[in-house]
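Please read all numbers here as calculations on a predicted model, not as lab measurements.
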Amino acid sequence: MSSYNGADIIFPHLGIVIPKIRDHVTVFGFDIMFYGIVIGLGFIIGMLIVAADAKRRGQDPDDYWDMFIYGIIAAVIGARLYYVAFSWDNYKNDPVQILNIRGGGLAIYGGIIGGALAIIIYCKIKKKNFLEMLDSVVLGLWFGQALGRWGNFFNCEAFGEYTDTLLAMRMKESLVNPSAITEKMKLHMITDAGINYIQVHPTFLYESLWNLASLGIGLWYGRKVQKFKGEIFYLYLALYGIGRTWIEGLRTDSLYIAGTGLRVSQCLSALLAVFGITMILVKRIQLKKAGETQKAIE
């Protein structure tokens with residue numbers, strides 16, 4: 001007798017059983033992917049957080065809504081180009097597929113880079129302080145990433161290697177891209193009522209929880225600890241970089257730097273974490289010295 005009754009996804013140590021997982025909903029004969037819905041909600045709710053924080057800081061939320069429109073377009077383009085650049089073998093024989101975003105293939109770092117470029121241009125044209133605006137923007141980005149990672153859950157992708165820890169997740173082998181199944185997963189394959197399951201790290205969940213916790217820290221930091229413009233942005237780079245460096249090392253679908261065994265996102269995350277921490281320390285030391293100099297003058 002089956003203990004799962006053919007369920008698609010199970011968290012065995014938490015007692016959670018998900019009978020059926022779908023990656024889209026059909027409206028008037030048109031398939032709308034849950035991945036897109038989740039990302040869209042992340043953008044909208046994230047912007048509400050940004051607007052509220054901008055108002056708290058005494059800024060005009062409308063400036064952020066205007067920037068939001070350009071940022072979304074640039075982020076999507078950047079996310080796609082980043083993914084294609086490090087997966088060129090999949091597109092070089094059929095370049096038209098680069099435009100097929102519905103087929104999957106968006107990289108968060110590409111989205112961040114694209115969005116950041118749009119913000120830089122916007123701030124330059126509107127004569128706004130780039131770092132000051134980023135302090136609010138990254139709060140929405142944290143939430144958007146936390147929610148957006150659940151799109152990976154609906155697509156049964158972006159998971160890690162085999163594990164038997166508390167949060168271990170089992171998925172039907174038939175739901176997963178075969179290229180993401182490792183030898184270790186096959187070795188620990190679980191069969192229930194004739195159905196094969198792989199058991200893995202739910203890295204989408206790890207990153208979602210990490211980003212939510214980071215958002216909480218960022219909101220508190222901005223109200224109680226922040227000393228200079230751009231500090232929340234640097235805090236974002238530090239916290240997201242630390243978390244992603246660890247989580248990326250667990251995944252089995254990472255993009256690699258050509259000709260090396262180095263994971264692109266893991267290397268970039270580590271660099272951003274070091275940069276963010278360094279900038280916070282340097283800026284605070286400068287402020288402290290400036291304060292001491294002012295006292296000496298007085």
Trainee: Using only atom types and a distance under 3.5 Å, with no angle test, would you say the side chain of Gln59 pairs donor to acceptor with the backbone of Lys55?
Mentor: no

Trainee: Going by the rule side chain to side chain contact (heavy atoms under 4.5 Å, CB included), which residues pair with Met279 if we only count those two or more places apart in sequence or in a different chain?
Mentor: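 So Met279 forms a side chain to side chain contact (heavy atoms under 4.5 Å, CB included) with Tyr234, Phe275, Lys283.
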
Trainee: Go through the steps to decide whether Ile119 and Phe130 satisfy the test side chain to side chain contact (heavy atoms under 4.5 Å, CB included), and finish with yes or no.
Mentor: CA-CA 7 Å; Ile119 295 173; Phe130 174 65; 3.6 Å; yes

Trainee: Go through the structure and list residues passing salt bridge (charged side-chain N to carboxylate O under 4.0 Å, His left out) with Asp53, not counting sequence neighbours.
Mentor: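 Arg56, Arg57.
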
Trainee: Are any of the side-chain nitrogens in Glu161 or Arg251 under 4.0 Å away from the carboxylate oxygens of its partner?
Mentor: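 No, no charged N to carboxylate O under 4.0 Å.
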
Trainee: Residues two or more places apart in sequence or in another chain: which of them pass ring pair (Phe, Tyr, Trp, His ring centres under 6.0 Å) with Tyr206?
Mentor: His201, Trp246

Trainee: Decide whether Asp164 and Gln199 meet the rule of one side-chain donor and one side-chain acceptor closer than 3.5 Å.
Mentor: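 Yes - a donor-acceptor pair under 3.5 Å links their side chains.
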
Trainee: Quick one: salt bridge (charged side-chain N to carboxylate O under 4.0 Å, His left out) partners of Lys186, sequence neighbours excluded?
Mentor: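 Scan of Lys186 (salt bridge (charged side-chain N to carboxylate O under 4.0 Å, His left out), adjacent residues dropped) gives Glu183.
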
Trainee: Is there side-chain contact between Ile121 and Lys124, with heavy atoms separated by less than 4.5 Å?
Mentor: no

Trainee: Name all residues meeting the side chain to side chain contact (heavy atoms under 4.5 Å, CB included) criterion together with Ser269; count only those two or more places apart in sequence or in a different chain, and write none if there are none.
Mentor: Tyr109, Arg244, Thr245

Trainee: Could you check whether Lys229 pairs with Asp135 (Lys NZ or Arg NE/NH1/NH2 to Asp/Glu carboxylate O, under 4.0 Å)?
Mentor: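 Salt bridge absent between Lys229 and Asp135.
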
Trainee: Ignoring hydrogens and geometry beyond distance, is a side-chain donor-acceptor pair present between Asn152 and Glu207 at under 3.5 Å?
Mentor: no

Trainee: Atom OH of residue position Tyr70 - does it have more than 12 heavy atoms of other residues, nucleotides or ligands inside 6.0 Å?
Mentor: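 No - once you tally the heavy atoms of other residues, nucleotides and ligands closer than 6.0 Å, there are 12 at most.
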
Trainee: Compare every heavy atom of Phe143 with every heavy atom of Gly46, then report the nearest pair and how far apart it is.
Mentor: N-CD2, 4.0 Å

Trainee: In chain order, what residues pass the salt bridge (charged side-chain N to carboxylate O under 4.0 Å, His left out) check against Asp60, with sequence neighbours excluded?
Mentor: none

